[in-house]
Protein chains: 2
Amino acid sequence: MRIGELSERTGTPRRLLRYYEEQGLIVADRLPNGYRVYDGSNVDRVMQIRGLLDAGLPTRIIKQILPCLNKPRVIHFPDATPEMLATLENERDRMTDRIRCLTRNRDAVAEYLDVVREKLTAGA
Amino acid sequence: MRIGELSERTGTPRRLLRYYEEQGLIVADRLPNGYRVYDGSNVDRVMQIRGLLDAGLPTRIIKQILPCLNKPRVIHFPDATPEMLATLENERDRMTDRIRCLTRNRDAVAEYLDVVREKLTAGA
DNA sequence: TCGAACCCTCACATTGATGTGAAGGTCAAG
DNA sequence: CTTGACCTTCACATCAATGTGAGGGTTCGA
């Protein structure tokens with residue numbers, strides 16, 4: 001598929017798909033005329049990128065964790081330098097922190113909503 | 001305490017504490033000379049704000065969910081307009097999405113690290 | 001009374017993720 | 001062969017979060 005279809009299927013502006021490519025998050029083949037071509041796997045990939053961006057991770061970090069997520073677990077050991085492993089461990093922990101923070105606050109919001117709903121139905 | 005101490009205790013630049021105040025996320029009393037004064041509760045509050053910012057929520061949203069998080073559950077019903085409730089429900093769901101995404105990816109990173117560590121200790 | 005260490009406001013700069021549009025090439029259908 | 005819907009690159013604009021520093025007031029201890 002070309003960029004327009006990927007854009008539609010992921011709900012992502014073309015502009016951003018080019019940006020993600022520029023940042024090294026996705027790669028695109030090119031047709032002889034220069035058009036970008038993508039295969040189906042890019043849809044999931046873009047969704048994942050958007051989710052992580054939305055969760056506060058910068059592209060720089062996303063680029064580093066994406067290679068860990070390939071389903072056929074192929075580990076490129078040249079990438080597995082000690083620094084890289086330290087970075088990944090650090091990111092893993094930061095993600096855990098984020099999850100904790102989000103969970104705590106989401107639960108509080110949810111509880112608030114429950115209480116309000118209860119009052120409203122009782123009072124009406 | 002004044003802004004310097006709050007800054008130290010939260011690891012947050014003064015500049016940002018003033019910014020959060022400007023955005024309506026925290027309030028500060030003022031000494032006669034104009035200096036900001038804070039009490040201990042602001043430490044937790046600032047930490048919470050930073051956590052949420054780090055998790056990708058914009059100040060605009062944080063400002064809306066913070067009132068739900070007061071421990072003595074005091075619900076200001078003037079705030080509880082239908083639009084506000086809809087906003088909160090929407091945010092709650094978005095937070096749930098973020099949690100899911102982060103959890104999935106964190107687990108993948110963790111698993112990757114486990115595999116690499118295993119290979120390294122076995123191979124060395 | 002002076003200097004250090006605070007505090008204030010104001011304002012401009014930067015960074016990352018985006019929006020937007022110009023100027024132009026490609027291609028299929030009428 | 002032209003029109004419309006694609007695509008390209010390039011570049012400037014915006015927005016939120018943050019950095020940085022100027023210019024100036026306050027407080028306290030030597």
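Computed from a predicted model, the values in this text were never measured in an experiment. Each chain gets a letter, A, B and so on, in the order the sequences are listed, and its residues count up from 1.
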Please lay out, stage by stage, how Gln23(B) and Arg60(B) fare under the test side chain to side chain contact (heavy atoms under 4.5 Å, CB included). CA-CA 8 Å; Gln23(B) 300 303 308; Arg60(B) 198 186 73 254; over 6 Å; no

Test side chain to side chain contact (heavy atoms under 4.5 Å, CB included) applied to Arg45(B) and Tyr38(B), step by step: CA-CA 11 Å; Arg45(B) 184 139 175 137; Tyr38(B) 305 91; over 6 Å; no

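The phosphate of dT9(D) has OP1 or OP2 within less than 4.0 Å of a side-chain N or O from Arg30(A). Listed pair Thr59(A) / dG16(C) fails the phosphate criterion, with no side-chain N or O lying under 4.0 Å from OP1 or OP2. Under 4.0 angstrom from either OP1 or OP2 of dC7(C) there lies at least one side-chain N or O belonging to Arg14(B).
Below the 3.5 angstrom threshold, one finds no donor paired with an acceptor across the side chain of Tyr19(B) and the base of dG19(D). Side-chain atoms of Arg36(A) stay outside donor-acceptor range of the base of dT8(D), with no qualifying N/O pair under 3.5 Å.
Summarising the geometry, the separation between OH on Tyr38(A) and P on dT8(D) is reported as 7 Å, rounded to the nearest angstrom. Counting to the nearest Å, the P atom of dC27(C) and the OH atom of Tyr35(A) are 6 Å from each other. Atom pair Glu8(A):CD and dC7(D):P shows a separation of 9 Å (rounding to whole Å applied). If you take CG of Leu6(B) and P of dC8(C), they are 11 Å apart, rounded to a whole angstrom. Atom CG in Leu25(B) sits roughly 11 Å away from atom P in dT18(D) (whole-Å rounding). Summarising the geometry, the separation between CG on Leu53(A) and P on dG16(C) is reported as 13 Å, rounded to the nearest angstrom. The separation between Lys63(A) atom NZ and dG16(C) atom P is 13 Å, rounded to whole Å. Taking atom CG of Leu17(B) as the reference point, atom P of dC7(C) lies 10 Å away to the nearest angstrom.
Judged by closest nucleotide on DNA chain D, Leu57(B) is the one of Asn33(B) and Leu57(B) placed further toward the 5' end. Mapping Arg2(B) and Pro58(B) onto DNA chain D by nearest heavy atom places Pro58(B) at the nucleotide closer to the 5' end.
The residue Arg18(A) sits close to a base: some heavy atom pair falls under 4.0 Å. In this structure, Leu31(B) reaches neither bases nor backbone, as no heavy-atom distance under 4.0 Å exists between it and the strands shown.
The side chain of Pro13(B) approaches dG19(D) more closely than any other nucleotide in the set dT9(D), dG19(D), dT9(C).
Checking Thr96(A) against Arg106(B) by side-chain atom types alone, a donor-acceptor pair falls below 3.5 Å.
In this structure, Arg94(A) pairs ionically with Glu91(A), as a charged nitrogen and a carboxylate oxygen lie closer than 4.0 Å.
Smallest separation of non-hydrogen atoms from Leu88(A) and Cys68(A): CD1-SG, 3.9 Å.
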